[in-house]
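Whatever order the structure lists them in is the order used to number ligands and atoms, beginning at 1.
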Amino acid sequence: MKYSKGHILELEVRDLSHEGEGVGRAKDGFVFFVSGALPGERIRAKVVEVGHRHGRAELVSVEKTSSSRQEAPCSIAHLCGGCALQAFDYKAQLKWKKKRLEEALIRIGGLKNPLIRPVVGMTNPFGYRNKAQYPIARGADGKATMGFYRRRSHQVIPAEDCLIQHPLIVEAAEKACSLINELGLSIYDERTGTGFARHFVVRVSVAREEIMAILVTNGHDFPQAKDWVAGLREGLPQLVSVVQNVNQRVGNRIMGSTSRVLWGAETIVEQLGDYSFEISPGSFFQVNTIQTEVLYELVAQYAGLSKGSKVWDVYCGAGTIGLYLSTDAGYIRGVERDQSAVFDARRNAKRNGIDYASFEVGTAEEVLPRWVREGGRADVCVLDPPRKGCDPDALKSAAAAAPERIVYVSCNPATLARDAAILSQEGYTFVEATPVDMFPQTPHVEAVSLFVRKGV
Ligand code: SAH
C-alpha cells in the first residue's frame with residue numbers, strides 16, 4: 001500500500017522507539033513513529049512523512065488506551081523535546097527501560113539470557129536535574145523568552161518552569177529572563193548569527209543548594225556585566241558564581257571554549273557521599289545528583305575492591321568515579337579528553353586528600369594503548385564513555401591491562417551491547433547489569449554492567 005501525507009490511518013502500537021515515540025504498525029506491517037502513542041494502544045494518526053522503510057505520523061486519537069497511560073503532569077510535554085515519556089506512568093517507564101537494555105544485549109550483543117536487575121528508580125521522579133541549558137529567543141511580543149526546543153526543531157517554547165529541573169534552576173531562569181529584558185540585552189538570532197545573549201546555563205549543587213549562572217554570549221564585550229551580576233545577586237540569594245562564556249561559532253554547540261568569572265567562585269561544589277567535587281562551568285557532571293550516588297554505589301559494589309587495588313577510571317570527567325572508589329583503592333589512574341574536567345579531577349583529588357590518584361588529558365583510544373605498552377596493569381577498569389560508546393582500541397587496551405573486573409557505565413544500550421560483544425572476544429564475560437534511572441520522564445537508559453576475565 002502507498003501512503004501519502006495527510007492520510008489518516010489506524011495503527012497498532014507495540015513498542016517505543018529509542019527516542020520514546022510509539023512504534024505504530026499499519027495493517028500491512030509498515031511502521032510509523034508517532035510521538036505520544038504508547039505500547040498496547042490502537043490509535044488513529046495522520047501521516048506527516050513517508051520514507052522507504054518507515055514513516056512518521058501525528059497522533060489524532062487513541063482508540064484503545066494503554067492501562068499505563070496517565071495525564072502528563074507538564075502541560076507542554078507533548079510539544080517539548082525533553083520528556084517524551086511523561087504520559088507513561090513511572091512504573092511502566094522503568095519496565096520499558098529494562099526491556100530495552102535486555103533486547104539490545106541479546107540482539108546486538110549476542111548474549112543469551114543476560115541477567116538484568118530491576119531498574120533502580122527515583123522516589124520522586126521530578127525536580128532532579130542539576131543543570132539546564134536554556135536557549136534564549138525573541139518571543140512574539142519582541143521580548144526575550146527562554147525555554148526548550150520544540151521536538152525536532154529549533155523553535156523555542158517558552159518554559160522557564162520545567163518540572164524535571166531542580167526548583168532553584170527554575171528560579172534562576174525566571175530571574176535571568178526578566179533581567180535580560182530589563183537590561184535590554186540583544187538576543188542572538190541563529191539565522192543571521194547576530195545578537196548577544198545565546199543561552200542561559202544554570203548548574204546547581206543539590207547538596208549545598210548553590211547556583212552557578214552562566215550566560216553564553218556571542219562576543220566578549222559585555223558593558224552591562226555589572227548590572228547583570230547585581231540583578232542576579234539581588235534575586236537569587238543562593239548564587240555563588242556568575243560566569244560569561246563566549247561562543248561566537250555558528251552551530252549547535254552550546255558553550256564556547258572561553259569562560260570568564262564575572263563574580264564569585266570559579267566552580268560549583270557538589271557532594272556525593274563522603275566526597276565533595278568542584279565542577280567548572282564546562283565540565284561534565286552527571287545531571288541527576290541523587291541517582292549519581294546510587295550509580296556510583298553500584299560501581300563500587302561491582303568493582304569489589306580490596307585494599308590497595310589498582311583502578312583505571314576511563315572517561316573520568318572530573319574524576320568523580322575514581323575518587324568515589326578511593327577509600328578501598330591503592331592507586332587510581334584516570335583519562336579524559338576534556339582538559340578543564342582533568343583540571344577539576346586533579347583539584348578534586350587534592351580537595352578529598354587523595355594523593356594516589358593521577359589524571360591525564362587525552363582520548364582513551366590513544367592513552368590506554370600507551371599505558372599498556374609502558375607495562376601498566378589494573379585490577380579494576382571502569383569505563384564510562386559518552387553515548388557513542390568505546391573505541392575498539394580503548395576496549396582492547398582495557399582488556400590488555402588484564403583487570404579481573406571491568407565495570408562499564410553506559411548511557412546507551414546499543415553501544416553497550418556492541419562493546420559487550422567486543423569485550424567477549426577480548427576475554428571478558430558479561431556477568432550482570434543494573435539499570436539506574438538517571439533521566440526519569442525521558443527515554444534515556446543508563447546502566448552499570450559487570451564483566452569478569454574469563455578463567456578467573
Ligand atoms: N565518569 C564521569 C564522566 C562520564 S561522561 C562521571 O561519572 O561524571 C563521559 C566523559 O568522557 C566526558 O567527560 C567526555 O568529555 C569524555 N570523553 C568523550 N570522548 C572521550 C574519549 N574518546 N576519550 C576520553 N574521554 C572522552
Please work out, at 4.0 Å between heavy atoms, whether the side chain, the backbone, both, or neither of [X] comes within that distance of ligand 1.
{"X": "T363", "value": "both"}
{"X": "C316", "value": "backbone"}
{"X": "F277", "value": "neither"}

Ignoring hydrogens, what is the shortest heavy-atom contact between E432 and T434? Give both atom names and the distance.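 Closest heavy-atom pair between E432 and T434: OE2-OG1, 4.1 Å.
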Please report the closest heavy-atom contact between Y428 and P403, naming both atoms and the distance.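 Closest pair (atom of Y428, atom of P403, distance): OH-O, 2.6 Å.
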For G362, is the nearest heavy atom under 4.0 Å from an atom of ligand 1?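 It does, in that a heavy atom of G362 comes within the 4.0 Å cut-off of ligand 1.
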Within a radius of less than 6.0 Å around CD1 of I290, do more than 12 heavy atoms belonging to other residues, nucleotides or ligands occur?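 Result for CD1/I290: open.
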Which protein heavy atom lies closest to [atom], and at what distance to 0.1 Å?
{"atom": "atom 22 (N) of ligand 1", "value": "E365 OE1, 3.1 Å"}
{"atom": "atom 6 (C) of ligand 1", "value": "Y296 OH, 3.3 Å"}
{"atom": "atom 13 (O) of ligand 1", "value": "E336 OE1, 2.8 Å"}
{"atom": "atom 18 (C) of ligand 1", "value": "P386 CG, 3.5 Å"}

Hey, are K175 and E234 close enough for a salt bridge, meaning a charged N less than 4.0 Å from a carboxylate O?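 Salt bridge absent between K175 and E234.
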Quick check: does D313 get an N/O under 3.5 Å from an N/O on ligand 1?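 No: no nitrogen or oxygen of D313 is under 3.5 Å from one in ligand 1.
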With nothing but distance in play, are any N or O atoms of Y315 less than 3.5 Å from an N or O of ligand 1?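 So ligand 1 has an N or O lying under 3.5 Å from an N or O of Y315.
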Heavy-atom proximity to [atom], best of [options]:
{"atom": "atom 23 (N) of ligand 1", "options": "S283, A345, G389, A364", "result": "A364"}
{"atom": "atom 1 (N) of ligand 1", "options": "V335, D338, D384, D344", "result": "D384"}
{"atom": "atom 25 (N) of ligand 1", "options": "Q286, E360, R337", "result": "R337"}

Does R346 make a cation-pi contact with F359 (under 6.0 Å, within 45 degrees of the axis)?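 No; the conditions do not both hold, so R346 does not lie above the ring face of F359.
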Steps toward side-chain hydrogen bond (donor to acceptor under 3.5 Å, both in side chains) verdict (D189, T194): CA-CA 6 Å; D189 181 339; T194 56; 5.4 Å; no
Would you sort out whether E360 and R370 count as a salt bridge (charged side-chain N to carboxylate O under 4.0 Å, His left out), showing the intermediate values? CA-CA 12 Å; E360 198 169 322; R370 176 162 53 73; 2.3 Å; yes
